[in-house]
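Heads up: the structure comes next, in structure tokens.
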Amino acid sequence: MFVLRLAAGLVLWVCPVTLVLADPLPSWNEGAAKSGIIAFVEQSVDPAHSAYVVPAERIAVFDQDGTLWAEKPYYFQIAYGMTQIKQRAAEDPDFGKGNPVLKAAIEGDAETIAADGMKGFLELMVGAQEGMSVSDFKESVRQWLAIAVHPDTGEPYEQMVYQPMLELLSYMRDNGFKTYIVSGGGINFIRAYAQTVYGIPPEQVIGSSLKSEFEIRDDFANVYMLPEVFFDDNHSGKPVGIDLHIGRRPVFAVGNSDGDQQMLEYTTLGERPAFAILVHHTDSEREWAYDRNSDVGHLDTALKAAKQYGWTVIDMKSDWRTVFPYQLDGK
């Protein structure tokens with residue numbers, strides 16, 4: 001406390017106030033990962049710093065499965081796809097005959113589909129989406145999300161998003177970064193909920209897609225999906241998709257698997273400073289622990305690249321105070 005003596009004998013007693021800034025990443029434990037992220041962002045927005053990034057070039061890209069929300073015991077789009085395939089098989093007994101992926105979907109055998117990697121996933125996409133309009137497909141995804149729950153936790157899939165990543169997305173946007181999803185998952189599947197779940201508009205979603213065509217049916221114009229893969233947004237497809245949809249090289253990238261390695265390389269092996277993160281699933285109690293021996297979220301060569309290029313590796317068990325939003329309620 002100090003005193004200001006004013007005219008006419010008046011005395012003003014003043015108490016100094018210490019300004020305490022709110023923690024932008026409260027679900028992150030203190031450590032090298034959290035401090036590194038904050039330091040990079042602060043430097044990026046400081047015009048006096050050599051690492052300053054003009055607002056138009058503040059591009060941050062995030063994988064989805066295993067990075068923004070969980071991907072175990074199998075990709076959530078597989079769960080949706082199996083629901084769609086079963087409905088189609090109920091309407092047409094011959095549907096899926098001779099196709100082992102569709103047969104597995106009808107039988108509810110998600111593990112077989114997941115074990116077939118992107119090949120099985122893309123075949124499931126074709127079977128679940130072909131012939132549908134994009135708008136009808138998105139609506140079916142929203143209806144499914146409204147009632148579907150995770151097979152292990154019993155929580156709605158929208159509660160299987162990572163709380164620390166929600167905070168990171170908000171922190172990046174608060175500092176003028178434009179946040180994109182760049183996923184091997186279906187582009188229109190993610191666009192159906194990206195705005196409500198992540199605060200990311202559909203035009204900032206890049207993903208795998210089927211070929212499509214424009215048609216007018218009953219005086220209503222729409223785009224319909226065809227039974228053929230158009231783009232596989234995984235591995236080296238991710239930089240290609242980024243260049244096609246964004247037209248700028250990112251300065252911040254987050255992934256969790258070998259399928260994200262080329263995206264992180266494209267981000268960091270350029271002409272200016274950039275930041276890359278790999279989420280390493282190490283928490284078998286609050287989530288799942290897996291890496292090189294997993295069919296889903298396989299992580300091996302990207303870990304080696306992280307060491308080579310100095311990427312930040314998030315140890316989920318030690319770096320995250322909370323994993324899922326529902327855990328904030330003490331569940």
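We count residues from 1, following the sequence as given. Quick note: numbers below take in every heavy atom, side chains included, and nothing from hydrogens, waters or symmetry partners.
- Counting all heavy atoms, side chain and backbone alike, Gly255 lies closest to Asp63 at CA-CB, 4.0 Å.
- Considering Asp319, Asp291, Asp315 in turn, Asp315 is the only one that fulfils the side-chain hydrogen bond (donor to acceptor under 3.5 Å, both in side chains) rule with Thr282.
- Contact of the Ser257 side chain with the Glu71 side chain is not registered, since no non-hydrogen atoms from C-beta on lie closer than 4.5 Å.
- With rounding to the nearest 0.5 angstrom, the CD1 atom of Ile314 is 9.5 Å from the CE atom of Met316.
- When all heavy atoms of Pro325 and Val161 are compared, the pair lying nearest together is CD-O, 2.9 Å.
- Checking side-chain atoms of Arg58 against main-chain N and O of Asn175 turns up a donor-acceptor pair under 3.5 Å.
- Counting heavy-atom neighbours within 6.0 Å of Phe230 CZ, excluding the residue itself, gives a total of 12 or less.
- Under a hydrophobic-cluster definition in which Ile, Leu, Val, Met, Phe, Trp and Tyr are linked whenever side-chain heavy atoms come within less than 4.5 Å, directly or via other members, Val254 and Trp28 are assigned to the same cluster.
- For the residue pair Met172 and Ala60, the shortest heavy atom distance occurs at CE-CB, 4.2 Å.
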(request) Test Asp243 against Tyr266 for side chain to side chain contact (heavy atoms under 4.5 Å, CB included), laying out the working first. (result) CA-CA 10 Å; Asp243 181 67; Tyr266 182 55; 4.2 Å; yes
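- Salt bridge status for Glu91 with Arg88: absent, with no side-chain N to carboxylate O gap under 4.0 Å.
- Note: Met125 CE to Ile187 CD1 = 9.5 Å, rounded to the nearest 0.5 Å.
- No continuous path of ILVMFWY side-chain contacts below 4.5 Å connects Phe275 to Tyr309, so the two sit in separate hydrophobic clusters.
- In this structure, the side chains of Asn256 and Leu299 stay at 4.5 Å or more apart for every pair of heavy atoms.
- Shown here is Glu285, whose CD atom has no more than 12 heavy atoms of other residues, nucleotides or ligands within 6.0 Å.
- Here the straight-line distance linking atom CH2 of Trp311 with atom OG1 of Thr268 works out to 5.5 Å at 0.5 Å rounding.
- Looking only at side-chain heavy atoms (C-beta outward), Asp65 and Ser183 come within less than 4.5 Å of each other.
- Listed by chain and residue number, His150 satisfy the ring-ring contact (aromatic ring centres under 6.0 Å, His included) test with Trp288 (two or more places apart in sequence, or in another chain).
- Judged as a side-chain contact (heavy atoms from CB on, under 4.5 Å), and not counting sequence neighbours, Ala146 has no contacts.
- Distance CE/Met263 to CD1/Ile242: 6.0 Å, rounded to 0.5 Å.
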### Message
Determine whether Leu145 and Phe76 satisfy the following criterion, side chain to side chain contact (heavy atoms under 4.5 Å, CB included), listing intermediate values before the conclusion.
### Response
CA-CA 10 Å; Leu145 277 176; Phe76 299 169; over 6 Å; no
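- Under the 4.5 Å side-chain contact rule for hydrophobic residues, Met132 and Met82 share a cluster.
- A salt bridge links Asp260 with Lys238: the distance from a Lys NZ or Arg NE/NH1/NH2 to an Asp or Glu carboxylate oxygen falls below 4.0 Å.
- Under a 3.5 Å cut-off, the side chain of Gln327 and the backbone N or O of Val323 do form a donor-acceptor pair.
- One hydrophobic cluster, built from ILVMFWY side chains closer than 4.5 Å, holds both Leu210 and Ile85.
- Nearest approach of Tyr157 to Ala79, heavy atoms of both residues: OH-CB, 3.5 Å.
- Residues Ile190 and Leu124 fall within the same hydrophobic cluster, defined by Ile, Leu, Val, Met, Phe, Trp and Tyr side chains chained together at heavy-atom separations under 4.5 Å.
- The closest donor-acceptor contact from the side chain of Thr267 to the backbone of Phe252 lies at 3.5 Å or more, if one exists at all.
- Counting only distance, with no hydrogens or angles, the side chain of Ser27 and the backbone of Arg321 share no donor-acceptor pair below 3.5 Å.
- In this structure, Ile206 CD1 and Ile246 CD1 are separated by 4.0 Å, a value rounded to the nearest 0.5 Å.
- You'll find the side chain of Asn29 stays beyond 4.5 Å of the side chain of Lys34, heavy atoms only.
- Nearest heavy atoms, Lys86 versus Ile106: CE-O, 3.6 Å.
- Ring planes of Tyr75 and Phe121: perpendicular class, angle over 60° (limits at 30 and 60°).
- At most 12 heavy atoms of other shown residues, nucleotides or ligands fall within 6.0 angstrom of atom NZ in Lys178.
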Between Thr153 and Tyr326, does the side chain to side chain contact (heavy atoms under 4.5 Å, CB included) criterion hold? Intermediate values first, please. CA-CA 11 Å; Thr153 67; Tyr326 67 84; 3.7 Å; yes
Trace of the side chain to side chain contact (heavy atoms under 4.5 Å, CB included) decision for Gln262 with Val240: CA-CA 10 Å; Gln262 288 87 349; Val240 174; over 6 Å; no
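- A donor-acceptor contact shorter than 3.5 Å is absent between the side chain of Gln163 and the backbone of Thr322.
- Under the 3.5 Å distance criterion, the side-chain polar atoms of Ser170 are left unmatched by any main-chain donor or acceptor of Glu167.
- A distance-only check finds no donor-acceptor pair linking the side chain of Arg286 to the backbone of Phe324 [under 3.5 Å].
- Applying the ring-ring contact (aromatic ring centres under 6.0 Å, His included) rule to pairs touching residues 178-207 yields Trp69-Tyr193, Tyr80-Phe189, Phe189-Tyr193, sequence neighbours excluded.
- When atom types are taken as modelled, the side chain of His298 and the backbone of Asp258 share no donor-acceptor pair closer than 3.5 angstrom.
- Counting heavy atoms from C-beta on, the side chains of Pro73 and Asp152 come closer than 4.5 Å.
- A donor-acceptor contact shorter than 3.5 Å links the side chain of Gln77 to the backbone of Gly186.
- Other residues, nucleotides and ligands place more than 12 heavy atoms under 6.0 Å from the CZ atom of Phe214.
- Counting only heavy atoms from C-beta outward, the side chains of Arg217 and Asn222 never approach each other to under 4.5 Å.
- Across all their heavy atoms, Ile181 and Ala194 have their closest contact at CD1-CB, 4.3 Å.
- A donor-acceptor pair under 3.5 Å is absent between the side-chain atoms of Arg191 and the main chain of Lys138, judged by distance alone.
- A heavy-atom distance below 4.5 Å is found between the side chains of Leu25 and Ile38.
- Between Arg142 and Thr196 the shortest side-chain heavy-atom distance does not fall below 4.5 Å.
- For the atom pair OG (Ser44) and CD (Glu42), the distance works out to 10.0 Å, reported to the nearest 0.5 Å.
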